[in-house]
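Residue numbering restarts at 1 for every chain, and letters A, B, ... go by the order of the sequence lines.
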Number of protein chains: 2
Amino acid sequence: MKGTSIKDIAKKLEVSNATVSLVLSGKDKDGRVSKEVAEKIIATAKMMNYQPNNIARSLRMGHSQTIGLIVADISNSFFSTLAFYIQEEAEKYGYTVIITNTNESVDKIETMINMFRNRQVDGFLIVPTEYSEEYIQKLVEDHVPLVLIDRYFPSVQCSYVVIDNYRASLEATRLLIEQGCKDIVLFTYKNLLPHILERKSGYMDALAYAGLAEKPCVKEIRYSHISEDIDKSVDELFADGCKVDGILFATNSLSMYGVRSIMRKNIAIPNDVKIVCFDKNEAFDFLPTPIPYVLQPIAEIGQKAVNLLIEQIKAKQNAPKAIQILKLAATLHNDLL
Amino acid sequence: MKGTSIKDIAKKLEVSNATVSLVLSGKDKDGRVSKEVAEKIIATAKMMNYQPNNIARSLRMGHSQTIGLIVADISNSFFSTLAFYIQEEAEKYGYTVIITNTNESVDKIETMINMFRNRQVDGFLIVPTEYSEEYIQKLVEDHVPLVLIDRYFPSVQCSYVVIDNYRASLEATRLLIEQGCKDIVLFTYKNLLPHILERKSGYMDALAYAGLAEKPCVKEIRYSHISEDIDKSVDELFADGCKVDGILFATNSLSMYGVRSIMRKNIAIPNDVKIVCFDKNEAFDFLPTPIPYVLQPIAEIGQKAVNLLIEQIKAKQNAPKAIQILKLAATLHNDLL
DNA sequence: CTGAAAGCGCTTACAG
DNA sequence: CTGAAAGCGCTTACAG
């Protein structure tokens with residue numbers, strides 16, 4: 001595996017390391033190196049199968065051209081799609097993206113952050129988990145370039161890219177109300193992250209505006225026990241004597257499990273109960289009637305986050321970093337119409 | 001961002017860099033360093049917020065504890081799930097996984113391989129794209145630790161982990177035959193990769209064994225034009241005068257688009273046409289009748305691949321690497337029963 | 001028990 | 001137009 005180094009080429013050609021480095025990294029502008037020498041260097045580099053060692057380069061330069069991306073669950077299509085766009089965008093600027101997974105665990109997020117710092121990433125893109133404020137705060141204090149994605153902490157002063165969750169949820173709930181629903185239930189995670197709370201507020205306020213304020217019914221599902229908690233809630237909701245005619249699912253994973261659970265009980269969508277959910281879910285194409293959904297601009301979220309981060313990385317030396325908050329609009333899609 | 005280095009700690013405590021390094025990397029066994037000095041070092045490291053610089057460590061040690069994973073499409077759940085398990089397994093051995101995407105493009109695979117080599121990954125895990133033999137071959141010639149996943153090239157002598165695609169396809173086709181299908185169509189990619197060809201052979205042989213050899217009908221879909229090609233094929237198959245009573249989809253993406261296309265034409269599954277596909281697809285839970293599928297042992301594929309790769313990395317110096325080929329069994333699932 | 005020194009492969013002022 | 005030299009932060013033989 002031991003390959004050719006700049007030194008090997010320099011020795012062979014009897015020139016200095018500096019000259020070889022200059023030529024090979026394309027910095028021999030303004031006739032710094034004579035044409036013949038330059039050509040000879042390039043030719044031998046090719047011949048000797050020279051591969052630059054970016055580790056050495058990073059050490060010397062003080063940056064690694066690497067971005068650390070920490071997502072909550074890479075096997076969730078929202079995040080894998082996000083990762084895809086982030087990588088595409090980062091590549092344009094010559095950055096490599098290292099992805100890891102926390103599985104919504106605080107312990108893991110701490111480990112992952114340390115690992116990335118040790119590997120000298122130039123900046124962080126993080127989908128933070130519940131209770132991870134202190135680790136994010138630490139990064140901010142250490143002036144590490146950082147952009148939060150999809151979620152944020154009001155107490156932590158840093159840039160983030162999210163959607164307007166309150167509005168998205170408000171409009172989604174309104175769609176159910178417009179369709180005549182009177183008893184609308186929200187399925188959400190048992191989670192204190194603000195974006196989740198905002199989705200709850202949007203739901204509550206929509207009910208209030210419609211004079212349905214006495215009837216909120218929120219089912220809080222544990223992420224780690226999603227399947228059983230959902231089944232239990234669905235059982236309760238559709239037990240004799242209960243009446244539910246609309247459900248809003250606050251995330252794609254919740255809607256996936258929820259709709260499945262409802263179907264197993266032979267409850268008809270939308271006849272028995274109307275549904276709206278967050279995120280486009282291809283699976284719902286196979287239902288007899290499409291389910292309206294809140295579409296998040298995933299590509300844009302990813303691109304903007306990368307742009308913000310790179311700005312920070314570039315500006316690092318100079319002024320104190322300006323905090324930028326991007327709240328993008330999500331759009332309600334209703335294929336019924 | 002400029003942090004504390006070993007040197008800073010050494011200077012502060014007036015000991016040598018060597019001593020600090022030894023203590024901080026936990027190599028002060030056998031009373032190499034006195035207890036008091038060690039404790040002082042650990043305390044100041046904590047106080048000064050010391051973060052080891054793995055870039056420097058990698059340069060010095062000649063390895064980066066990093067594995068490069070190249071997949072064909074991270075937004076495809078088969079690959080994102082695979083990535084998830086690979087990361088989990090690699091983490092156990094202290095390796096970080098860097099993931100990138102080729103989107104089935106040969107050009108990209110070349111770029112990605114070079115990028116990873118420049119970043120000094122210790123080994124490669126690759127889902128190779130069509131026509132990428134030469135780049136894989138190059139890696140083999142350069143003795144770079146490497147394990148191919150999901151796909152392989154007969155002409156390239158290297159380790160790989162795949163499933164028994166021929167058998168899986170044979171059995172899937174047989175299931176259709178057992179259910180009484182006489183006119184069975186295979187939807188596959190227009191692609192010369194052996195695993196795809198094996199899926200085709202399995203289908204052909206199953207027909208032959210059943211005396212249906214005159215009736216093979218293979219629809220080859222272009223990956224880059226999946227939607228239109230599938231719609232066109234479905235149109236042809238279900239035009240007047242044609243008869244099709246069974247379809248085998250050779251990949252999960254094909255089945256996703258295919259089933260959707262069939263449903264749009266109001267063709268009933270399984271009454272009008274019976275279907276079997278590769279890979280579990282959660283979306284199909286929402287169909288009135290479940291679709292039988294070939295279940296690949298994704299976790300096992302990922303784990304075995306990591307294990308094989310780490311063996312190679314560890315053995316690197318010594319003997320010529322033994323080539324290991326793992327052909328795992330896939331299982332046919334039929335929830336109808 | 002501890003220190004001085006070399007070196008991993010690169011880049012970049014500096015000197016000529 | 002080109003070279004000699006220092007240094008990024010770490011580890012590890014070697015010497016004491």
Side-chain angles (χ1 to χ4, degrees), chain A residues 1-42 44-45 48-66 117-122 317, chain B residues 1-42 44-45 48-66 117-122 317:
Chain A
M1 190 105 171
K2 186 84 177 54
T4 310
S5 74
I6 281 188
K7 221 194 281 179
D8 297 332
I9 298 177
K11 206 178 293 172
K12 179 149 194 166
L13 258 36
E14 293 183 312
V15 296
S16 77
N17 299 347
T19 307
V20 176
S21 172
L22 245 25
V23 172
L24 258 23
S25 57
K27 281 187 192 123
D28 63 331
K29 309 290 175 200
D30 47 273
R32 179 87 172 66
V33 178
S34 75
K35 215 170 178 186
E36 16 176 12
V37 176
E39 276 166 5
K40 247 198 311 193
I41 289 173
I42 291 172
T44 15
M48 296 178 74
N49 191 21
Y50 171 71
Q51 303 274 0
N53 182 330
N54 267 319
I55 292 264
R57 184 165 199 279
S58 296
L59 179 61
R60 172 62 225 245
M61 304 282 275
H63 59 250
S64 60
Q65 292 295 109
T66 302
R117 293 194 75 165
N118 296 350
R119 290 191 188 246
Q120 313 301 114
V121 299
D122 292 342
Q317 321 286 21
Chain B
M1 192 103 170
K2 186 85 177 57
T4 310
S5 74
I6 279 188
K7 223 196 278 178
D8 298 332
I9 298 176
K11 206 178 294 171
K12 179 149 193 167
L13 259 35
E14 294 182 312
V15 295
S16 77
N17 298 347
T19 306
V20 176
S21 171
L22 245 24
V23 172
L24 257 24
S25 57
K27 283 191 190 117
D28 62 332
K29 309 294 174 197
D30 47 272
R32 181 87 171 64
V33 179
S34 76
K35 215 168 178 186
E36 18 177 12
V37 176
E39 276 166 5
K40 245 194 318 194
I41 289 173
I42 290 171
T44 16
M48 297 177 76
N49 191 21
Y50 171 71
Q51 302 273 0
N53 182 331
N54 267 321
I55 292 264
R57 186 166 198 277
S58 296
L59 180 59
R60 173 61 225 245
M61 303 283 274
H63 60 251
S64 60
Q65 292 295 109
T66 302
R117 293 194 75 166
N118 296 350
R119 291 192 187 244
Q120 312 301 115
V121 299
D122 292 343
Q317 320 287 21

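- Residue A/Pro52 comes nearest to B/Gln120 through the heavy atom pair O-OE1, 3.9 Å, listed as atom of the first residue, atom of the second, then distance.
- Taking atom CD1 on B/Ile41 and atom P on D/dT11, their separation rounds to 13 Å, with Å as the unit.
- Side-chain N/O atoms of A/Thr19 include one lying less than 4.0 angstrom from OP1 or OP2 on D/dG3.
- Rounded to an integer number of Å, the gap from B/Arg60 CZ to C/dC10 C1' is 16 Å.
- Once rounded to the nearest 0.5 Å, the distance linking CG of B/Asn17 with OG of B/Ser5 reads 7.5 Å.
- Of the candidate nucleotides D/dG9, C/dT11, D/dG3, D/dG9 has the atom lying nearest to any side-chain atom of B/Asn53.
- Regarding A/Met61, its CE atom lies at a distance of 9 Å from the C1' atom of C/dT12, rounded to whole Å.
- If you check C/dA13 for Watson-Crick or wobble pairing at under 3.5 angstrom, you find it has no partner at all.
- Within the 4.0 angstrom heavy-atom criterion, no nucleotide atom of any strand lies near A/Glu36.
- To the nearest angstrom, P of C/dG9 lies 8 Å from CG of A/Asp8.
- Distances shown here put every side-chain N or O of A/Lys7 at or beyond 4.0 Å from the OP1 or OP2 atom of C/dG7.
- Nucleotide C/dA4 has no partner under the Watson-Crick or G-U criteria, as no pair reaches both atom distances under 3.5 Å.
- For the pair B/Lys11 NZ and D/dG9 P, the computed distance is 11 Å after rounding to whole Å.
- Remark: P of C/dG9 and CZ of B/Arg57 are 17 Å apart, rounded to the nearest angstrom.
- Out of D/dC10, C/dC10, C/dG9, the shortest distance to the side chain of B/Ala56 is found at D/dC10.
- If A/Lys35 and B/Asn54 are placed on DNA chain D by their nearest nucleotide, the residue sitting closer to the 5' end is A/Lys35.
- Nearest nucleotide to the B/Ser5 side chain, out of C/dT12, D/dT12, D/dG9: D/dG9.
- Here the rule is side-chain contact (heavy atoms from CB on, under 4.5 Å) with B/Ile6, and of B/Val20, B/Ile41, B/Asn53, B/Thr19 only B/Val20 fits it.
- In this structure a side-chain-to-backbone donor-acceptor pair under 3.5 Å is missing from B/Asp122 to B/His63.
- Per the geometry, CG belonging to A/Leu22 stands 20 Å off P belonging to C/dG9, to the nearest Å.
- For A/Ser16 and D/dG3, the shortest distance from a side-chain N or O to OP1 or OP2 is below 4.0 Å.
- Of the candidate nucleotides D/dT11, C/dG3, C/dC1, C/dC1 has the atom lying nearest to any side-chain atom of B/Ser34.
- For the 3.5 Å distance criterion, the side chains of A/Arg119 and B/Ser64 fail to qualify, holding no donor opposite an acceptor.
- Rounded to a whole Å, the CZ atom of B/Arg119 is 18 Å from the P atom of C/dG9.
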